[in-house]
Amino acid sequence: MTYTPDKLAALRARFGGDNEAQIHDPHFSAVAANIIDASGTRSAPYAGMPTLMDAPAHQIDWSAPDFGDLQVALTGVPMDLGASNRSGCRFGPRALRAIERVGPYHHVLRCTPTRDLRVADIGDVPMRSRFSLDQSHQDIEDAYAKIHAAGVMPLSAGGDHSVTLPILRALGREQPLALIHFDAHCDTGGPFDGSRFHHGGPFRQAVLDGVLDPTRTIQIGIRGAAEYLWEFSYASGMTVIHAEDIATMGVPAIIARAREVVGDAPVYVSFDIDCLDPAFAPGTGTPEVGGVTVREAQAMLRGLAGINIVGGDLVEVAPAYDATANTAHAGAQIMFEILSLMSVRHAR
């Protein structure tokens with residue numbers, strides 16, 4: 001295509017002068033109308049009170065919670081009493097709230113989830129004790145039972161991966177859920193140092209509690225020396241995709257397999273940040289080399305668009321080991337990807 005003075009004149013007429021702020025594409029124009037105010041200003045990502053994905057804040061009185069007309073509650077779960085190695089992911093929700101420039105538009109799924117959904121950051125789960133793991137799990141389950149009873153989908157920032165167990169207990173009471181689980185570890189281990197409720201065993205316990213369907217569970221990115229602990233995954237019928245399988249199978253085949261496993265069952269998406277290679281996410285308690293790239297993770301999540309998602313979480317961001325904040329940035333982006341899946345399925 002030859003660039004001519006006439007084409008320059010046409011571009012100037014369409015995009016210059018009085019038209020320089022106009023967006024002509026109907027879809028992009030509608031997106032911009034949700035983001036840019038009448039004076040042509042967008043909210044500064046570094047200003048105001050930090051919330052998860054810059055969503056509105058909605059304060060909750062947990063003694064008599066009122067979720068209004070929310071479809072999605074963004075919730076922090078600052079608890080890491082189940083961590084077996086490096087602690088510190090109790091500070092994960094705070095680190096994720098401090099990340100700017102995530103969203104609001106998803107250029108692949110073509111949605112603006114914090115505008116298309118009725119969504120708010122409702123703060124952190126209140127917990128009675130900073131020392132009791134069992135009590136903290138009960139507090140988490142009680143809070144999520146209230147969220148679920150209100151017909152609101154939760155999207156959570158952990159905390160260690162043990163927090164997913166009480167969430168699944170609250171969401172899967174009526175019907176065992178399907179699960180798409182991204183992680184370096186299967187987290188289906190038995191008791192560890194006298195506890196069944198550590199971050200290496202939530203999905204074993206969820207199956208035994210009757211709130212998770214193992215035949216509709218797929219675990220992606222698994223690797224490392226703890227493989228000998230994961231026999232429950234295979235014995236119960238879970239589908240396990242190792243990190244090494246990604247290169248041989250390819251991302252499209254893994255997406256197809258995940259969609260086949262969960263079908264249209266109500267599905268929970270849980271993403272442990274250590275699924276990512278430590279080159280991208282060093283700030284976590286149990287890093288494993290040889291992991292998933294951020295681009296691969298995004299591609300796999302985006303390929304799930306349309307699944308019957310009913311909740312999700314991003315866990316195990318430990319900012320003390322995250323000198324560049326790259327881990328928290330990747331974690332916030334993964335949360336945005338999961339929220340976008342909710343928008344594709346549930347926006348109205």
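Along the sequence shown, residues are numbered consecutively beginning with 1.
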Grab the two heavy atoms, one from [X] and one from [Y], that are nearest each other, plus how far apart they are.
X      : Y      : result
Ala157 : Leu52  : CB-CD2, 4.2 Å
Val315 : Gly159 : CB-O, 3.5 Å
Ile23  : Ala32  : CD1-CB, 3.5 Å
Pro287 : Thr284 : CD-O, 3.6 Å
Ala328 : Asp322 : N-OD2, 3.0 Å
Asp160 : Ala83  : OD2-N, 3.6 Å

Any idea how Phe67 and Trp62 line up, ring-wise: parallel (<30°), tilted (30 to 60°), or perpendicular (>60°)?
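Phe67 vs Trp62 ring planes: perpendicular.
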Should the pair Phe182 and Phe271 be assigned to parallel (<30°), tilted (30 to 60°) or perpendicular (>60°) ring geometry?
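If you compare the ring of Phe182 with that of Phe271, the planes turn out parallel.
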Answer yes or no: does atom [atom1] of [X] have more than 12 heavy-atom neighbours from other residues, nucleotides or ligands under 6.0 Å?
X      : atom1 : answer
Gln135 : CD    : yes
Gln59  : CD    : no
Arg94  : CZ    : no
His24  : NE2   : yes
Arg42  : CZ    : no
Phe91  : CZ    : no

Test item: [X] and [Y] side chains (from C-beta on) under 4.5 Å apart, heavy atoms:
X      : Y      : answer
Val72  : Leu74  : yes
Arg86  : Thr286 : no
Thr112 : His106 : no
Ser233 : Gln219 : yes
Leu304 : Met300 : no
Met79  : Ser162 : yes
Tyr105 : Cys111 : no
Leu339 : Val119 : yes

What's the spacing between [X] [atom1] and [Y] [atom2] if we round to 0.5 Å?
X      : Y      : atom1 : atom2 : value
Asp80  : Ser87  : CG    : OG    : 5.5 Å
Leu165 : Asp187 : CG    : CG    : 11.0 Å
Arg223 : Asp245 : CZ    : CG    : 12.5 Å
His137 : Ile140 : NE2   : CD1   : 5.5 Å
Asp313 : Leu168 : CG    : CG    : 8.0 Å
Ile99  : Asp54  : CD1   : CG    : 10.5 Å

Closer than 4.0 angstrom, basic N to acidic O: yes or no for [X] and [Y]?
X      : Y      : answer
Glu141 : Arg173 : yes
Arg345 : Asp264 : yes
Arg97  : Asp124 : yes

Can Ser132 and Asp134 be said to form a side-chain hydrogen bond (donor to acceptor under 3.5 Å, both in side chains), step by step?
CA-CA 6 Å; Ser132 171; Asp134 292 351; 5.7 Å; no
Tell me whether [X] contacts the main-chain N or O of [Y] through its side chain, where contact means a donor paired with an acceptor under 3.5 Å.
X      : Y      : answer
Thr327 : Gly283 : yes
Arg118 : Gln71  : no
Arg204 : Thr188 : yes
Ser340 : Phe336 : yes
Asp272 : Asp183 : no
His329 : Thr324 : no

As a quick check of understanding, evaluate side-chain contact (heavy atoms from CB on, under 4.5 Å) for Val31 and Arg110, giving each step before the final call.
CA-CA 9 Å; Val31 170; Arg110 294 173 69 82; over 6 Å; no
For a side-chain contact (heavy atoms from CB on, under 4.5 Å) check, start with the C-alpha distance between Arg302 and Leu341, then their side-chain angles and the critical distance, and finish with the verdict.
CA-CA 7 Å; Arg302 293 166 181 177; Leu341 295 180; over 6 Å; no
Between [X] and [Y], is there shared hydrophobic-cluster membership here, with clusters defined by ILVMFWY side-chain heavy atoms closer than 4.5 Å?
X      : Y      : result
Ile222 : Leu276 : no
Leu109 : Val102 : yes
Ile241 : Val262 : yes
Val292 : Trp230 : no
Phe15  : Tyr3   : yes

Between Glu296 and Thr293, is the side-chain contact (heavy atoms from CB on, under 4.5 Å) condition met? List the steps.
CA-CA 5 Å; Glu296 287 170 337; Thr293 69; 3.1 Å; yes
Begin from the C-alpha positions of Ile180 and Val267 and carry the test side-chain contact (heavy atoms from CB on, under 4.5 Å) through to its verdict.
CA-CA 7 Å; Ile180 301 176; Val267 59; 3.9 Å; yes
Is Arg295 positioned over the aromatic face of Phe280, cation under 6.0 angstrom from the ring centre and no more than 45 degrees off axis?
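Ring-cation test returns no.
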Yes or no on side-chain hydrogen bond (donor to acceptor under 3.5 Å, both in side chains) for Asp37 and Ser39, after CA distance, side-chain angles and deciding distance?
CA-CA 5 Å; Asp37 66 24; Ser39 68; 2.7 Å; yes
For His181 together with Tyr268, are the ring centres under 6.0 Å from each other?
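Aromatic pair excluded; centres sit 6.0 Å or further apart.
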Which residue in the set Val269, Val261, Leu212, Thr164 passes side chain to side chain contact (heavy atoms under 4.5 Å, CB included) when paired with Leu179?
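Among the candidates, only Leu212 passes.
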